[in-house]
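Labels below follow one simple rule: chain letters A, B, ... track the order of the sequence lines, proteins then strands, and each chain is numbered from 1.
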2 protein chains.
Amino acid sequence: MTVHQHGRYSTPVDDLPSRAVPEAAVGRLAIYLRVLTSMIEQGVTTMSSEELAGAAGVNSATLRKDLSYVGSYGTRGVGYDTARLVEHIEQLLGLTRHHSVAVVGIGNLGHALANYGGFPDRGFPVTALFDVDEDLVGIPVGGLPVDHVNTIPEVCAERDVTIGVICTPARAAQTVCDLLVAGGVRCILNFAPVMLQVPSDVEVRRVDLAVELQILSFYQARRSSGRRAGTADPVAVIR
Amino acid sequence: MTVHQHGRYSTPVDDLPSRAVPEAAVGRLAIYLRVLTSMIEQGVTTMSSEELAGAAGVNSATLRKDLSYVGSYGTRGVGYDTARLVEHIEQLLGLTRHHSVAVVGIGNLGHALANYGGFPDRGFPVTALFDVDEDLVGIPVGGLPVDHVNTIPEVCAERDVTIGVICTPARAAQTVCDLLVAGGVRCILNFAPVMLQVPSDVEVRRVDLAVELQILSFYQARRSSGRRAGTADPVAVIR
DNA sequence: GCAACTTTGTTCCTGCGTTCACAAGCGGCT
DNA sequence: AGCCGCTTGTGAACGCAGGAACAAAGTTGC
């Protein structure tokens, strides 16, 4: 799980194209987008809410409501035009522009992310890498040289970084976060196990491996204490 | 964000120590646990709900309700005994036993996770690594040799793997998932951008980098279209 | 030993998100 | 050209999680 630091999910008052979009809906829209692009590659030009919902693993009513946030781009009796829908979802999610990404903390995880280079699905080019370790500074990782964390504000401002990814140990995370904010970064993806304190106009999303594992552990515990040793062997009932 | 594949959060009927625990509460409990262990290291023996809630970034009423799921281990007028609380949360989350972890797909991310060795916070030893690449098989990563994915069922059953982590490309994820399930794995952490189909007794948690970035992109778009070019320079108002 | 203060545990309530269900709309078929 | 069937879009109901407020309980000081 990723826990949201605060529940803001829309600008309080705005006359933007669409009304307030629930945070959960935004996440699902990103998933629909992936399903749609994948289907388009397979030559699918039209999909009904039922089909798309099935592929995304959600209720079709939920899907239609989510899509209604984007606007009314379906055709009754037919379904949604895949290409058209992709276009509008991308616009809503702000994917028409590129978001330059900075990765801070070039340890195991940071290294992995830096090597993605273009990051999962394009549109998120990694343009800056930072670390405290002087020995790492200057060394290229994934084709991009590492800069020192002290230079975060200047470099981020200069390269117009919009998203900062924090992969540092917990103790360094808040300091790094402050530096990113000082550099004008307003979107932060935090892999460090701490709650970051940020100004209200900065959006933080947290991905916490330890929490994910512990939640799985909880369900495992529940399961095994709820049932005594199962008699049946494990059968994979795929449906 | 991490999206939950299904909303199950408690065994339907059970006379277990505590009643049904909301999924969100489980995630928060894991956070309280981290805060508590950190405070204990600093010698703190007692904390009030207000203090703990502040450190975890949640409302104190929410915290007290969460803790009520684990049982009544606070002292009115005083607060919670940190050590005692840690003990009971760990028990609820099933952290008293070790959960052996298997990592499948030793690419950038899998490599990073394998190198953690003991995984964030102990209790989750990595005991198996898998990949399709024959060249990787046999090579030790983080001190553990890589096995071929074909051997997943046997190896997982043999080493009593309880948690499988999928770091493969999207197209391989479902196959790998089926193999893990066949090997008796009932908890899966999925980094691949697909919705896995699993039997109902298997719990899947998904961590989706692309979705996280796109959600951040959405907020960024909202913000910049809501306001015209800001006049003030970025000031870090930490509160 | 009693009283006052502090903090928990819980109940009630409010608000949000999801689901259901139906009316409106569009294409195809005759 | 008109009707029929299918699918969207949305209004209304349901259910759940979060927050406020209060009563119970325990501790400390007198």
Quiz item: How long is the line joining CG of A/Leu29 and C1' of C/dT18, in whole Å?
Solution: 15 Å

Quiz item: Thinking salt bridges, do B/Asp201 and A/Arg223 make one under a 4.0 Å N-O criterion?
Solution: no

Quiz item: For residues 184-203 of chain B, which residue pairs qualify under ring pair (Phe, Tyr, Trp, His ring centres under 6.0 Å), counting only residues two or more places apart or in two chains?
Solution: none

Quiz item: Any idea which heavy atoms bring B/Ala25 and B/Val21 closest together, and the distance?
Solution: CB-CG1, 4.0 Å

Exercise. Taking only the side-chain heavy atoms of B/Arg64 (C-beta and beyond), determine which of C/dT8, D/dA20, C/dA21 contains the nearest atom.
Key: C/dT8

Quiz item: Among residues 35-47 of chain B, which contact DNA chain D at a heavy-atom distance under 4.0 Å?
Solution: none

Practice problem: Taking all heavy atoms of A/Gln174 and all of A/Leu196, pick out the closest pair and write down the distance. | Solution: OE1-CA, 3.5 Å

Practice problem: Go through the side-chain N and O atoms of B/Tyr116 and A/Asn108 and say whether any donor and acceptor fall under 3.5 Å apart. | Solution: no

Practice problem: Determine, step by step, whether A/Glu23 and A/Arg205 satisfy the salt bridge (Lys or Arg N to Asp or Glu O under 4.0 Å) criterion, reporting the C-alpha distance in whole Å, the side-chain angles of both residues, the deciding distance to 0.1 Å, and the verdict. | Solution: CA-CA 12 Å; A/Glu23 174 156 333; A/Arg205 298 196 60 81; 3.1 Å; yes

Quiz prompt | Options D/dG19, D/dT10, C/dG9, nucleotide nearest the side-chain atoms of B/Thr62 | solution = D/dG19

Quiz item: Near DNA chain C, under 4.0 Å by heavy atom, which residues of residues 78-91 of chain B?
Solution: B/Val78, B/Gly79, B/Tyr80

Quiz item: Any donor-acceptor pair under 3.5 Å joining the side chain of A/Lys65 to the base of C/dT19?
Solution: yes

Quiz prompt | Residues forming a side-chain contact (heavy atoms from CB on, under 4.5 Å) with A/Arg76, sequence neighbours excluded | solution = none

Self-check item: Phosphate contact (D/dT7 OP1 or OP2) by A/Ser49 side-chain N/O below 4.0 Å
Solution: no

Self-check item: Upstream residue (5' side of DNA chain C) when A/Gly77 and A/Ala25 are each assigned their closest nucleotide
Solution: A/Ala25

Quiz item: Quick one: A/Glu23 CD to D/dG18 P, roughly how many Å, whole number?
Solution: 13 Å

Self-check item: Test side-chain contact (heavy atoms from CB on, under 4.5 Å) applied to A/Glu50 - qualifying residues, sequence neighbours left out
Solution: A/Ser48, A/Ser60

Self-check item: B/Tyr69 OH - C/dT8 C1' separation (whole Å)
Solution: 16 Å

Quiz item: Rounded to whole angstrom units, what separation is found between the OH atom of A/Tyr73 and the P atom of D/dT10?
Solution: 12 Å

Self-check item: Nearest-neighbour nucleotide for the A/Ser72 side chain, C/dG9, D/dT7, D/dT10 considered
Solution: D/dT10

Practice problem: Ignoring backbone atoms, test whether A/Arg28 places a side-chain nitrogen or oxygen under 4.0 Å from the OP1 or OP2 oxygen of C/dT18. | Solution: yes

Quiz item: Rounded to whole angstrom units, what separation is found between the CG atom of A/Leu67 and the P atom of D/dT7?
Solution: 15 Å

Exercise. Report the residues that fulfil side-chain contact (heavy atoms from CB on, under 4.5 Å) with B/Glu41, sequence neighbours left out, ordered by chain and then residue number.
Key: none

Self-check item: Whole-Å distance separating the CG atom of A/Asn59 from the P atom of C/dG17
Solution: 16 Å

Quiz item: Rounded to the nearest Å, what distance is computed from the CG atom of residue B/Leu63 to the P atom of nucleotide C/dT8?
Solution: 9 Å

Quiz item: Nearest to the side chain of B/Arg76, which nucleotide is it out of D/dG18, D/dA23, D/dA17?
Solution: D/dA23

Quiz item: Minimum heavy-atom separation for B/Leu113 to B/Cys167, with atom names?
Solution: CD1-SG, 3.6 Å

